Amino acid sequence: MRKLLLVSLLAAACSAQAANEPRLMMRDHDLVGSRLVNIPVPAGEFERKAVSFSYALNPQNEVRASTPFTAESREFWMQVDGGQLSKGLMIDTTAPGALVRISPAGAAAAIVPGDLKLLRNGKAIDGKKAFSQQANTEQLQKAGMDVSRGTAVVKIADEQGKGRFQLMLPKATGRYLVHVFEPNSDVTLQAKADRQNYLAGDQLVVNAMLGRNEQAFAGTEVSGLLVSPSGKSYDITFKNDKGSLRAVSKLPNEVTQQPGLWEVQVLAGASEGGIQIQRDARTVISIAQPTAKLNGEFRFNAQALSFSMPIQVGSPGRYELSGTLFATGRDGVSRPVAQAAMANWFKQGKANLSLNFNRANVPAGYGAPYELKFVELKDQTRMTQLESREMAARVGSQR
Amino acid sequence: MNRAKSVSGGINVRYLLLAALAALSSVCSANTGVAFVHGTGNQTDAYNAYWQPTMVNNVRGGLVNPANYVVINCNFDQYMWDSRASGCLAGQLTNFISAKGITRLIVITHSNGGNVMRWIMSNPTYDSRYPNIISKIVRVNALAPSSAGTPLADAVISGNIFESSLGWLLGYKSDAVRQQQTSWMAQYNANNLYGTSGRPALPKLFRSVVGTDVDSAIWDSDSYCGGYAENVGLETTQWWLNSCSDGFLNCTSQSAAGSVWFNDKTRMAGSEPLSHNQSRRACFGLDSILRTDMKN
């Protein structure tokens, strides 16, 4: 608590010092923190020297803001016990040719694909007619699919069509994970977070839609989970507005020592013509503890084409500032001409990082006014993005 | 008027010839080396186990000094930024450059090795050894790079994620497999790596060789180059991939970063495709193409 107070006071003091330096511009979707935390340095080997780098970009190659990933799923997962499988597990499909993968857990015996039986309306379908493809663990692993021990995959023959089947493994005991993948289905679950990078405590918005050919199913039931790199999960609650699924959640403050991304998992189901439709989708986001932030000011050295920025450091670590320089061509159009980055190790307190673009990187015919775009502050020790500004500054007089 | 044109043309030709000679002379006076960077896995003998001697020796034979080569052995089961992955790679490249006095470095990567190399080129400030390595690189020939991940990684990780949140696990998947899920690579490409569409270009040329198909006919001897691709398993795993793939990676993933050098069938002997295993082996003349490339 004391540490947090000290860090907050430091942040406030730095803000109060605002001199007459110009300030960085800010847009709606920029990632900008307002607080700092003091957390320990994670385990690992980290560079301690200051490193600066810049290089020329081809102005004809567009550099633009990236958009969050849209997950699209034609698959779902079920956990079942041996009793369900030995009696016949109900599987509803929305298209011919579904692939069913079964993985035993713990001490459950390995699956022999030939032992699996397919039934329709309680009647067994002849093995050769039931499955058009079968593969065991060794065959799948040799083909590059690193499945777990004892896993088998069968493909329901196209001729069997779609609808309700029963999958039976007469000698099943223990627990199994069943994965149904429908590559030929036009039923998908789409899920997308509103941003790629968040700070702990931010608001996460996830939009999802279960439907056929972009037409949402009515009465979709949906649940969601946010899973941290350490495996801890948090519920996400969705609201259904005429098939448009939306979740708004406050992100947890969990400080994870595990590297990696956070998973957003969406599990949705609907009913259509007596068939249960299920889909599970996953996407990822980065959640950063606010270990440092830009002070918000910058100093531009026109001769050196350099931008210097004060930063406020809440936690010891290695921090990187990067950005893209846009220059104006003879046609008056602003285009990307150089990329620069600088990183250094800092203790808690005030620090400074610079982007030195080097005039030699600016091609003939390009000059002021310049734009500094896609400015990012990263925590290299914790592999997180702390700040990003799409259009950070516009400098230099008109030619 | 005609004469003026002719004089001007003569000057241009002379200038171009001089420029070409200067470029040639700089290549000749340079000390070129090649590094072989393996894909996912913890390698201790990549020369024999991953690339195999025929591939390495045929390719390095194209160098002015064929002794200027290094076969990297690192732990690429880790995330690309891990000290055991890119840190190890940076150490071995730095030692090679220093020991051999390399001034021009050609890097040949396979599969996930392309991502580890791209990490170094995209994050020059992460490690003080990176800028020197980047300054020596003339190009990266990325054989079947997993630049946008693979749906097969999604498929094997999904189960684990699903279960881990419910408290039981089927088996640990490495961080490298986790990293190569399509959604994860999309996030890393958009935030931590350069060279994909809309992102700043990499500081040096990164060009890919794309495997577009798999020949797994049991009666066709071509299927056996680099080890027979398991047909039964491939027929099944293909359902997770697009029609254009090398059996492990979609063509879209292999061509997501940098530029495409060539698609397999356009350059391989007999227009053969390169499966994911074959694109690291001396199959259908791939080694000869890479050998010729050592001269430039």
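A, B, ... follow the sequence lines: proteins, then strands. Residue 1 opens every chain. The model shown is predicted, which means the values in this text are computed figures rather than measured ones.
Taking both residues in full, the closest heavy atoms of Met145(A) and Ala155(B) are given as CE-CB, 3.6 Å, listed atom of the first, atom of the second, then distance. Residues Gly144(A) and Leu152(B) come closest through the heavy atom pair O-CD1, 4.1 Å.
Across Ala186(B), Pro124(B), Ala153(B), Gly247(B), the residue that shares the most heavy-atom pairs under 4.5 angstrom with chain A is Pro124(B). Per-residue counts of heavy-atom pairs under 4.5 Å with chain B were compared for Leu99(A), Thr283(A), Thr324(A); the largest is that of Leu99(A). In terms of heavy-atom pairs under 4.5 angstrom with chain B, the leader among Met342(A), Glu320(A), Glu62(A), Lys155(A) is Lys155(A). Counting heavy-atom pairs under 4.5 Å between each of Pro336(A), Ala341(A), Pro259(A) and chain B puts Pro259(A) at the top. Among Pro200(B), Ala201(B), Ala190(B), Gly87(B), the residue with the largest count of heavy-atom pairs under 4.5 Å with chain A is Pro200(B). With respect to chain B, the highest number of heavy-atom pairs below 4.5 Å among Asn184(A), Leu261(A), Val153(A) belongs to Leu261(A).
The parts of Trp239(B) that come within reach of chain A are both its backbone and its side chain, each placing non-hydrogen atoms under 4.5 angstrom from that chain. For Gln141(A), no part lies near chain B; criterion is any non-hydrogen pair under 4.5 Å. If you measure heavy-atom distances from Ser388(A) to chain B, you find no contacts under 4.5 Å at all. Contacts between Gln385(A) and chain B at a heavy-atom distance below 4.5 Å involve the side chain alone, from C-beta outward. Proximity to chain A (any heavy atom under 4.5 Å) is shown, for Thr150(B), by neither the backbone nor the side chain. Using a 4.5 Å cut-off between heavy atoms, Gln196(A) contacts chain B through both its backbone and its side chain. Contact annotation for Tyr79(B): only side-chain heavy atoms (C-beta onward) come within less than 4.5 Å of a heavy atom of chain A. Neither the backbone nor the side chain of Leu241(B) comes within less than 4.5 Å of any heavy atom in chain A. With a threshold of 4.5 angstrom between heavy atoms, Ser83(B) approaches chain A through side-chain atoms but not through N, CA, C or O.
Looking at Lys378(A), its side chain never comes within 3.5 Å of a backbone N or O of Asn192(B) through a donor-acceptor pair. Proximity of a side-chain donor or acceptor of Arg178(B) to a complementary backbone N or O of Gly260(A) within less than 3.5 Å is not detected. Tyr55(A) places no side-chain N or O within 3.5 Å of a backbone atom of Lys204(B) that could act as its donor or acceptor partner.
With rounding to the nearest 0.5 angstrom, the OG atom of Ser66(A) is 5.5 Å from the CG atom of Asn191(B). Distance check: Thr236(B) OG1 to Gln139(A) CD gives 7.5 Å after rounding to the nearest 0.5 Å. With values rounded to the nearest 0.5 angstrom, Thr125(B) atom OG1 is found 4.0 Å from Gln380(A) atom CD. The line from OG1 of Thr381(A) to OH of Tyr126(B) is 8.5 Å long, rounded to the nearest 0.5 Å. Rounded to the nearest 0.5 angstrom, Glu72(A) CD and Thr182(B) OG1 are separated by 11.0 Å. The structure places CZ of Phe53(A) at 9.0 Å from CE of Met121(B), a figure rounded to the nearest 0.5 Å.
Side-chain contact of Arg64(A) with Ser197(B): a donor-acceptor pair under 3.5 Å is present, judged by distance alone. Side chain to side chain, Gln339(A) and Tyr194(B) meet the donor-acceptor criterion of an N or O pair below 3.5 Å.
The neighbour count for Glu45(A) CD, taken as heavy atoms of other residues, nucleotides or ligands under 6.0 Å away, does not exceed 12.
Residues Arg282(A) and Ser183(B) have side chains not in contact (no heavy-atom distance under 4.5 Å, counting atoms from C-beta outward). Contact of the Glu263(A) side chain with the Gln181(B) side chain is registered, since non-hydrogen atoms from C-beta on lie closer than 4.5 Å. Side-chain atoms of Pro131(B) and Val51(A), non-hydrogen and from C-beta on, do get closer than 4.5 Å to each other.
A tilted orientation is assigned to the rings of Trp240(B) and His179(A), their planes being inclined by 30° to 60°.
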